[in-house]
Asks: 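The structure's right below; bear with me while I get my questions together.
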There are 2 protein chains.
Amino acid sequence: MPTELRRPERTFTIRQLCTEFKATPRALRFYEDKGLLTPARDGMNRVYSYKDRARLILILRGKRVGLSLQEIREILELYGEHDEAMQQNAHSLKKFKEKIVDLEQQREDIEGAINELRAACDRIEKHLAEKRPDLLPKAADYDQMLRARLDGHGEMVGAK
Amino acid sequence: MPTELRRPERTFTIRQLCTEFKATPRALRFYEDKGLLTPARDGMNRVYSYKDRARLILILRGKRVGLSLQEIREILELYGEHDEAMQQNAHSLKKFKEKIVDLEQQREDIEGAINELRAACDRIEKHLAEKRPDLLPKAADYDQMLRARLDGHGEMVGAK
DNA sequence: TATGCCCTTTACGTCAACGTCAAGACCCGG
DNA sequence: CCGGGTCTTGACGTTGACGTAAAGGGCATA
């Protein structure tokens with residue numbers, strides 16, 4: 001069993017991907033239903049490849065930036081049918097460029113939203129500092145939170 | 001009627017705001033239902049102030065960056081109850097800081113998505129240039145699109 | 001062999017964010 | 001006084017993205 005363990009051939013169960021990305025089995029099956037994923041099968045059971053995992057990452061990120069599953073599917077479809085459906089691609093091109101403009105707008109919006117939230121936080125903190133300093137959270141809390149959030153994203157290979 | 005026309009006192013009908021921001025009356029009433037807007041009344045009719053309009057802008061931008069109406073409401077509520085509900089504010093503070101972290105993540109996501117869409121566009125364009133140059137859109141089209149998108153955002157005061 | 005645990009499919013339920021009528025008030029020009 | 005247009009309040013429908021419960025298969029461990 002020498003070449004058997006080569007990394008790119010590693011596969012994942014539905015639950016492994018779910019716990020890794022905090023999704024639910026139902027969601028992954030739903031994506032499959034909608035044509036965004038097409039894992040292999042071992043008997044009845046789904047077997048996800050590295051490629052499937054990569055697609056899932058794209059799906060989840062797409063969702064985070066506000067794309068619909070439909071839009072995500074269109075994007076994913078580009079990575080496959082290189083040669084066929086040329087006319088389709090010409091159409092996709094247009095939609096993608098529109099989407100880029102959308103996203104650039106959205107990026108601006110996010111900048112603005114971040115700034116406002118920061119300002120709001122400052123206001124609250126000043127307010128609290130004056131009148132109820134006891135309610136101010138310890139710095140450690142926030143630190144803790146950041147740490148927890150970052151934990152979910154290390155490229156871990158072995159199980160916990 | 002000298003002071004009568006001072007700008008900050010200008011009011012808006014529901015339709016004016018809708019056409020200005022490409023929303024629907026139903027949506028504005030829905031936001032009101034959910035406590036995000038509370039326009040004055042002239043008899044039965046809603047009368048939106050400059051403040052209401054400002055809130056609406058925040059609502060719409062919040063939506064674009066993926067906030068739920070619920071989250072938007074929480075943010076808007078900060079601009080009002082300055083003194084009361086202090087404990088509440090301490091809680092909001094935490095949620096806001098979380099949201100900031102979220103948004104920063106989302107900004108990264110958007111960067112990534114933009115880059116991938118650009119790459120995808122490049123691929124398609126190269127592909128088309130080689131095999132079906134006839135399908136390539138004229139540069140003018142894209143230009144047109146950009147222009148249209150920018151038009152919607154000038155701070156216009158007079159009607160069309 | 002029984003007890004779990006994880007997998008499967010099918011099907012109905014849910015929640016947000018509106019859309020879409022329906023039925024009626026108000027005002028305005030002809 | 002009669003449409004026509006804009007406003008109002010219900011109330012029900014819709015769409016996307018799943019949640020949840022039911023009914024069953026497969027494998028392992030006690």
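Only heavy atoms go into these numbers, but all of them, side chains included; no hydrogens, no water, no symmetry mates. Throughout, a chain's letter reflects where its sequence line sits, starting with A, and its residues are numbered from 1. From a predicted model like this one, the values you see are computed outputs, not experimental measurements.
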Asks: Check if the side chain of Arg26(A) and the base of dT20(D) share a donor-acceptor pair of N or O atoms closer than 3.5 Å.
Replies: yes
Asks: Given dT8(D), dA17(C), dA17(D), identify the nucleotide with an atom nearest to the side chain of Lys63(B).
Replies: dA17(C)
Asks: Can we say Arg55(B) and Glu32(B) salt-bridge, meaning some charged N sits less than 4.0 Å from an Asp/Glu carboxylate O?
Replies: no
Asks: Would you say a side-chain N or O of Arg46(A) is under 4.0 Å from OP1 or OP2 of dC7(C)?
Replies: no
Asks: Can you measure Met44(B) atom CE to dA23(C) atom P for me and round it to whole angstrom units?
Replies: 19 Å
Asks: Would you mind telling me which of dT9(D), dC12(D), dG19(D) lies closest to the side-chain atoms of Arg29(B)?
Replies: dT9(D)
Asks: Rounding to a whole Å, what distance do you find between Ile72(A):CD1 and dC18(D):C1'?
Replies: 14 Å
Asks: Looking at Arg46(A) and Tyr48(A), what are the two nearest heavy atoms and their distance?
Replies: CD-OH, 3.3 Å
Asks: Let me know the distance between CG of Asp33(B) and C1' of dG10(D), rounded to the nearest Å.
Replies: 10 Å
Asks: Atom CZ of Arg41(B) to atom P of dT8(D): distance rounded to whole Å?
Replies: 6 Å
Asks: Between Thr24(A) and Tyr48(B), who's closer to the 5' end of DNA chain D by nearest nucleotide?
Replies: Tyr48(B)
Asks: Under 4.0 Å from OP1 or OP2 of dC18(D): is there any side-chain N or O of Tyr31(A) that close?
Replies: yes
Asks: Taking the side chain of Asn45(A) as heavy atoms from C-beta outward, which of dA11(D), dA17(D), dC7(C) is closest to it?
Replies: dC7(C)
Asks: Please report the distance, rounded to the nearest Å, between CD in Gln70(A) and C1' in dA17(D).
Replies: 14 Å
Asks: Rounded to whole angstrom units, what separation is found between the CG atom of Leu28(B) and the P atom of dG19(C)?
Replies: 10 Å
Asks: Asp42(B) CG to dC7(D) P: how many Å, rounded?
Replies: 12 Å
Asks: Kindly say if Thr13(A) contacts the phosphate of dC6(C), meaning a side-chain N or O under 4.0 Å from OP1 or OP2.
Replies: no
Asks: Quick check for you: among dT8(D), dC7(C), dC18(C), whose closest atom lies nearest to any side-chain atom of Ala27(B)?
Replies: dC18(C)
Asks: Which nucleotide wins on minimum distance to the side chain of Phe30(B), given the candidates dA17(C), dT8(D), dC18(D)?
Replies: dA17(C)
Asks: Is Glu116(B) paired with Arg123(B) through a side-chain N to carboxylate O contact shorter than 4.0 Å?
Replies: no
Asks: Nearest whole Å is fine: how far is dT8(C) C1' from Glu32(A) CD?
Replies: 11 Å
Asks: Salt bridge check: are Glu108(B) and Arg107(A) linked by an N-O gap of less than 4.0 Å?
Replies: no
Asks: Salt bridge between Glu104(B) and Arg118(A), side-chain N to carboxylate O under 4.0 Å?
Replies: yes
